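Structure first, then comments.
Every chain is numbered from 1, with letters handed out A, B, ... down the list of sequences. These numbers come from a predicted model, not from an experiment.
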There are 2 protein chains.
Amino acid sequence: MDLSLKVTNCKECIYRSWAFKNLTDEELRLINDEKIEKYFRKGDNICLEGEPISSFMYLQNGLVKLYKTELNDREHIISIAKPNDFIGLLSIFSNVTHVYSVTAIEDSVVCFVDLAIIKNLIKTNGIFAIDFFEKISKIADSVIKTRVDINTRQLRGRIAYILLLFSKHIYNSTKYSLPISRKEVAELIDMSTENVIRVLSEFRKDKLIQIEGKNIEILDIKRLERVYDLG
Amino acid sequence: MDLSLKVTNCKECIYRSWAFKNLTDEELRLINDEKIEKYFRKGDNICLEGEPISSFMYLQNGLVKLYKTELNDREHIISIAKPNDFIGLLSIFSNVTHVYSVTAIEDSVVCFVDLAIIKNLIKTNGIFAIDFFEKISKIADSVIKTRVDINTRQLRGRIAYILLLFSKHIYNSTKYSLPISRKEVAELIDMSTENVIRVLSEFRKDKLIQIEGKNIEILDIKRLERVYDLG
DNA sequence: TATCATTAATGATATATATCATAATATATA
DNA sequence: TATATATTATGATATATATCATTAATGATA
């Protein structure tokens with residue numbers, strides 16, 4: 001799909017029903033007129049840590065990573081956002097500058113809506129406000145849960161977690177192409193790149209998965225889930 | 001202080017100016033009439049994972065821990081909440097049951113306000129809605145940041161982090177009584193109890209801190225910060 | 001006060017994980 | 001296409017951390 005050819009009208013956006021369902025036609029037209037839809041190639045930066053926040057960002061298509069650059073300029077991935085996620089997490093309310101950087105890990109489409117418009121909708125449309133916060137809270141809550149789930153497990157449990165995450169929550173299939181490198185997996189679950197590779201090889205030898213480069217196929221999801229549960 | 005003798009009027013509550021500043025007298029009276037102020041002794045449960053959420057909970061006084069019980073029924077502490085924090089984090093918008101358990105680690109006072117009242121204020125008072133989310137977002141954001149900061153460091157850096165956290169963000173002093181056991185510190189930063197004790201002893205030998213049971217005094221905060229920065 | 005249970009402390013050992021080294025493969029770039 | 005660069009892969013080794021064992025200290029309870 002050549003994303004650069006597609007322009008979406010908010011009214012017809014398949015995600016509208018979820019995030020922006022409680023808007024009047026008038027309010028929706030306002031967003032549609034003001035929104036900017038941008039296309040990013042894999043590897044493109046969407047925003048950088050420290051830059052001022054001016055827009056509410058909504059991932060319409062693709063996949064992006066949210067990450068921080070540590071003191072030793074190692075990168076640390078906080079989470080992977082999928083279509084329908086709000087990319088800026090809660091920072092848009094709690095900060096004036098971006099707390100994380102965001103980069104496309106697949107070709108992606110991001111909708112930018114001026115923050116002032118969103119804030120004004122929250123002020124003037126109470127039903128929208130409640131729905132909006134419900135949505136944004138779920139995403140933030142799941143980021144916290146993910147961090148805890150990862151931290152309380154060791155290598156094998158963490159790798160199992162990641163494999164299941166992509167399978168269940170992102171691609172909805174036991175067969176997919178891993179969108180990030182082994183190094184990025186390491187940055188996401190706080191382990192060394194070598195050990196990510198090693199554990200993946202172990203899983204292959206154990207017939208839990210099949211690997212060919214980026215292509216992953218989960219062969220025994222029940223056993224993989226048990227590896228995750230055991231930590 | 002015998003907390004059980006004190007009852008606070010919302011209008012005079014010292015925290016009101018921050019969280020509930022944009023309410024009319026009428027709205028404030030509604031909260032004041034409906035709120036329930038409960039007193040908890042150290043060790044008392046305030047809410048348990050899985051229980052239905054019916055109130056918005058606000059820590060007026062004391063200190064509490066938010067934690068999850070893992071499969072192996074080890075407890076894992078997500079964060080420590082201090083006066084002025086919203087205890088339920090974002091779950092009140094994203095869930096119908098509590099995602100974490102909350103227990104007092106010092107004698108504490110919690111205000112319970114019926115969720116329906118808060119949600120109604122969000123719907124009808126736009127300025128309040130914005131302020132409220134700003135506040136709640138900051139707390140959730142800082143929980144995420146803390147988790148990342150801890151996970152990207154190893155033992156010495158993590159212990160330094162905890163010592164500095166209590167000093168800077170909770171007690172505002174380099175000398176304080178640690179409100180949690182070594183075991184709970186371990187549950188908060190994902191390391192073994194023995195190693196928590198060991199690293200604390202190391203820090204004592206290095207003249208970074210002085211310890212007498214629960215009493216901690218940071219002797220060289222600059223060096224302790226460097227230990228944290230180095231990871 | 002005596003007794004029990006919990007917490008703190010420390011050493012020895014086992015295990016988990018990171019780092020270093022090297023090679024093979026894949027991917028980008030000129 | 002050739003060359004450089006990054007990624008994947010695996011083994012050997014060093015380091016970090018957990019676990020086990022034991023004792024001391026502290027706090028709770030009768």
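Listed by chain and residue number, nothing satisfies the salt bridge (charged side-chain N to carboxylate O under 4.0 Å, His left out) test with B:D141 (two or more places apart in sequence, or in another chain). The salt bridge (charged side-chain N to carboxylate O under 4.0 Å, His left out) check on B:D114 picks up nothing, with sequence neighbours excluded. Applying the side chain to side chain contact (heavy atoms under 4.5 Å, CB included) rule to B:R204 yields the partners B:S201, B:I211; only residues at least two apart in sequence or on another chain are considered.
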Residues 224-231 of chain A side chain polar contacts: donor-acceptor under 3.5 Å, at least two apart:
| residue | atom | partner | partner atom | Å |
| --- | --- | --- | --- | --- |
| A:E225 | OE2 | A:K168 | NZ | 2.7 |
| A:Y228 | OH | A:D149 | OD2 | 3.4 |

Which pairs would a plain distance check flag for residues 179-189 of chain A, meaning a side-chain donor or acceptor within less than 3.5 Å of a matching protein atom at least two apart in sequence or in another chain?
| residue | atom | partner | partner atom | Å |
| --- | --- | --- | --- | --- |
| A:S181 | OG | A:K183 | N | 3.4 |
| A:S181 | OG | A:E184 | N | 3.1 |
| A:R182 | NH1 | A:G213 | O | 3.4 |
| A:R182 | NH2 | A:G213 | O | 2.8 |
| A:K183 | NZ | A:E187 | OE2 | 3.3 |
| A:E184 | OE1 | A:S181 | N | 2.9 |
| A:E184 | OE2 | A:K65 | NZ | 2.7 |

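The aromatic ring centroids of A:F56 and A:F112 lie 6.0 Å or more from each other.
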How does each nucleotide of nucleotides 24-30 of chain D score, in 5' to 3' order, for protein heavy atoms under 4.0 Å: base (B), sugar-phosphate only (S), or none (-)? -------
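Using a 4.0 Å cutoff on non-hydrogen atoms, no part of residues 175-187 of chain A comes near DNA chain C. In the region residues 200-207 of chain B, proximity to DNA chain C at under 4.0 angstrom, judged on heavy atoms, holds for B:S201, B:R204.
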Taking N or O atoms only and anything under 3.5 Å, show me the protein contacts with nucleotides 26-30 of chain C, one pair per line.
none

With 3.5 Å as the limit, what N/O pairs link the protein to nucleotides 16-19 of chain C?
| residue | atom | partner | partner atom | Å |
| --- | --- | --- | --- | --- |
| C:dT17 | OP1 | A:L155 | N | 3.4 |
| C:dA18 | OP2 | A:S192 | N | 3.2 |
| C:dA18 | OP2 | A:S192 | OG | 3.4 |
| C:dA18 | OP2 | A:N195 | ND2 | 2.9 |
| C:dA18 | N7 | A:N195 | ND2 | 3.2 |
| C:dT19 | O4 | A:R198 | NH2 | 2.9 |

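Within the structure, salt bridge (charged side-chain N to carboxylate O under 4.0 Å, His left out) contacts touching residues 51-60 of chain B (residues at least two apart or in different chains) do not occur.
Between its opening and closing five pairs, the helix from C:dT1-D:dA30 to C:dA30-D:dT1 changes axis direction by 60°, a value rounded to 10 degrees.
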